[in-house]
Amino acid sequence: MNSNIFSKAFDVVKDSPFVTLYFVLYLIVLFLIIPVMLAGKNMFLTSILSVLALLLTCAFMAGWFGMIKTAIVLYKKEKSPEEKLEEAIKLRNNFFCSVSNYILPVIFGFVVLVALLYLHSYLSDVLFGRIDNVLGEISKYSNNQEAFKTYLLNIPESTWNIITKKAVFSYLVCSFLTMVFLFFASSLYLNKKCSLNPFFAAVDSVKTMFGKFFETVLIFIFLIVLNFILMTLQAFYINNVVISFITMILRIYFAAYIIVLIFALYENRVYEESQKNPPALSDNCCDRANCIGQDETVD
């Protein structure tokens, strides 16, 4: 695995402030909407806000992935102030262009992922049994710490066995789905003519994952470990406002870094393929290695 990919992803996040800024603005809007959704007693209003939040998420992802694609394609190790300004303008403009171009494929990917998660939940209930009553009781005691501890201590061992089995099953299935969809966005964006179709992007994501399965698993473990360390630090220093705030900022940058790293990793794999199999001089774009960077928004 090329270690330069990690430094490249870091440089992109560092030198492209709009990538992180737009992500922060999205999180702020989301944090303003979610409390209203949870506190709402009107089911109709809550449903409307939920749909709007989902559409907002899909629209943001469609534009944000476009910004990241542009930052990856235009990457240079050393940049002049003029080049940095030009790239910043392209990133800003590309956000809105990407929303209109990719919103439907992103919604498709989101719907498919939600459907698979729902299917996994249904299979978990079939295989191990339901624990809706436990979840309902836990929600009742969420504001009473002592009552919550007492209830947990009184849960039968058989119920704990079910909870453990369902948790392990969910972790394994969600981890596998994450790896399967790991390269969906990068395939969708870095190969416009080939993969603007979300079906192709989904298939190509699976092929990419299995093509270098060992490297994909290593990257996945690397991301999980780093995220776990940051979560532990934030939980351990939750009463320290300064450290907690710094950890929160680091987690935001880390989330942006993860997506940029996946795009950079995919681009590198496409480049390796193009070196092994140079594309023919034709307009046919049936091979993903022929299509990287072919997007009028970054010309």
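The analysis underlying the following values was restricted to heavy atoms, covering all of them including side chains, and did not include hydrogens, waters or symmetry mates. The first residue of the sequence shown is numbered 1, and numbering continues consecutively from there.
The backbone N or O of Asn4 lies less than 3.5 Å from a partner atom in the side chain of Ser7, making a donor-acceptor pair.
Nearest heavy atom pair, residue Pro105 against residue Asn101, reads CD-O, 4.2 Å. Nearest heavy-atom pair across Val106 and Met61 is CG1-CB, 4.2 Å. Heavy atoms only, all atoms of each residue included: Ser124 and Lys166 are closest at OG-NZ, 3.0 Å. Minimum heavy-atom separation, Met67 to Leu91: O-CD2, 3.0 Å. Leu182 and Ser205 get closest at one heavy-atom pair: N-OG, 3.9 Å. Shortest non-hydrogen contact noted between Pro198 and Phe184 is O-CE1, 3.5 Å.
Residue Tyr26 places its OH atom among more than 12 non-hydrogen atoms of other residues, nucleotides or ligands, all under 6.0 Å distant. Remark: Phe254 CZ is packed, more than 12 non-hydrogen atoms of other residues, nucleotides or ligands lying under 6.0 Å away.
To the nearest 0.5 Å, the span separating CD1 on Ile163 from CD on Glu157 amounts to 12.0 Å. Taken from OG in Ser186 to CD1 in Ile262, the straight-line distance is 7.0 Å, to the nearest 0.5 Å. Expressed to the nearest 0.5 Å, how far OG1 of Thr178 lies from CZ of Phe220 amounts to 5.0 Å. The CD1 atom of Ile68 lies 11.0 Å from the CG atom of Leu261; values are rounded to the nearest 0.5 Å. Here CG of Leu54 is found 4.5 Å from CZ of Phe110. Values are rounded to the nearest 0.5 Å. One distance of note links CD1 of Ile246 with CD1 of Ile249; it measures 9.0 Å at 0.5 Å rounding.
Looking at Thr208 and Ser187, their side chains never come closer than 4.5 Å, going by heavy atoms from C-beta outward. With a 4.5 Å cut-off on side-chain heavy atoms, Leu127 and Lys165 do not count as touching. For the pair Phe200 and Leu188, the minimum side-chain heavy-atom distance is 4.5 Å or more. With a 4.5 Å cut-off on side-chain heavy atoms, Ile72 and Lys8 count as touching. Tyr266 is listed as a side-chain neighbour of Asp204, based on a closest heavy-atom distance under 4.5 Å. Taking 4.5 Å as the limit, every side-chain heavy atom of Phe181 sits out of range of all side-chain heavy atoms of Val206. Within the 4.5 Å cutoff, no side-chain heavy atoms of Ile258 are placed close to those of Leu226. Between Val13 and Thr20, some side-chain heavy-atom pair lies under the 4.5 Å cut-off.
There is no side-chain donor-acceptor pair under 3.5 Å between Ser98 and Tyr189.
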Please walk me through it: do Phe65 and Tyr102 pass ring pair (Phe, Tyr, Trp, His ring centres under 6.0 Å)?
CA-CA 9 Å; Phe65 291 153; Tyr102 291 96; 9.5 Å; no
Evaluate ring pair (Phe, Tyr, Trp, His ring centres under 6.0 Å) for Phe108 paired with Phe199, printing each intermediate quantity in order.
CA-CA 9 Å; Phe108 167 83; Phe199 292 100; 4.7 Å; yes
Is there a ring pair (Phe, Tyr, Trp, His ring centres under 6.0 Å) between Phe6 and Phe222 once you walk through the steps?
CA-CA 11 Å; Phe6 292 89; Phe222 168 74; 5.5 Å; yes
Between Phe176 and Met209, does the side chain to side chain contact (heavy atoms under 4.5 Å, CB included) criterion hold? Intermediate values first, please.
CA-CA 10 Å; Phe176 179 74; Met209 188 268 287; 4.3 Å; yes
Let me see the working for Phe183 and Leu265 under side chain to side chain contact (heavy atoms under 4.5 Å, CB included), right down to the final yes or no.
CA-CA 9 Å; Phe183 299 101; Leu265 182 64; 3.8 Å; yes
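One hydrophobic cluster, built from ILVMFWY side chains closer than 4.5 Å, holds both Leu27 and Val260. In the hydrophobic cluster analysis, where Ile, Leu, Val, Met, Phe, Trp and Tyr join through side-chain heavy atoms closer than 4.5 angstrom, Leu21 is grouped together with Leu250. Note on Trp64 and Phe96: same hydrophobic cluster, where clusters join Ile, Leu, Val, Met, Phe, Trp and Tyr whose side-chain heavy atoms are under 4.5 Å apart, directly or indirectly. In the hydrophobic clustering of this structure, Ile103 groups with Val51; members are Ile, Leu, Val, Met, Phe, Trp, Tyr whose side-chain heavy atoms approach within less than 4.5 Å, directly or through other members. Both Leu113 and Leu123 are assigned to one and the same hydrophobic cluster, defined by single-linkage of ILVMFWY side chains at heavy-atom distances under 4.5 Å.
Ring orientation note: the planes of Phe23 and Phe60 are close to parallel, at an angle under 30° on the 30°/60° scale. By the 30° and 60° cut-offs, the orientation of the rings of Tyr22 relative to Phe95 is perpendicular.
With sequence neighbours excluded, no residue forms a side-chain hydrogen bond (donor to acceptor under 3.5 Å, both in side chains) with Ser121.
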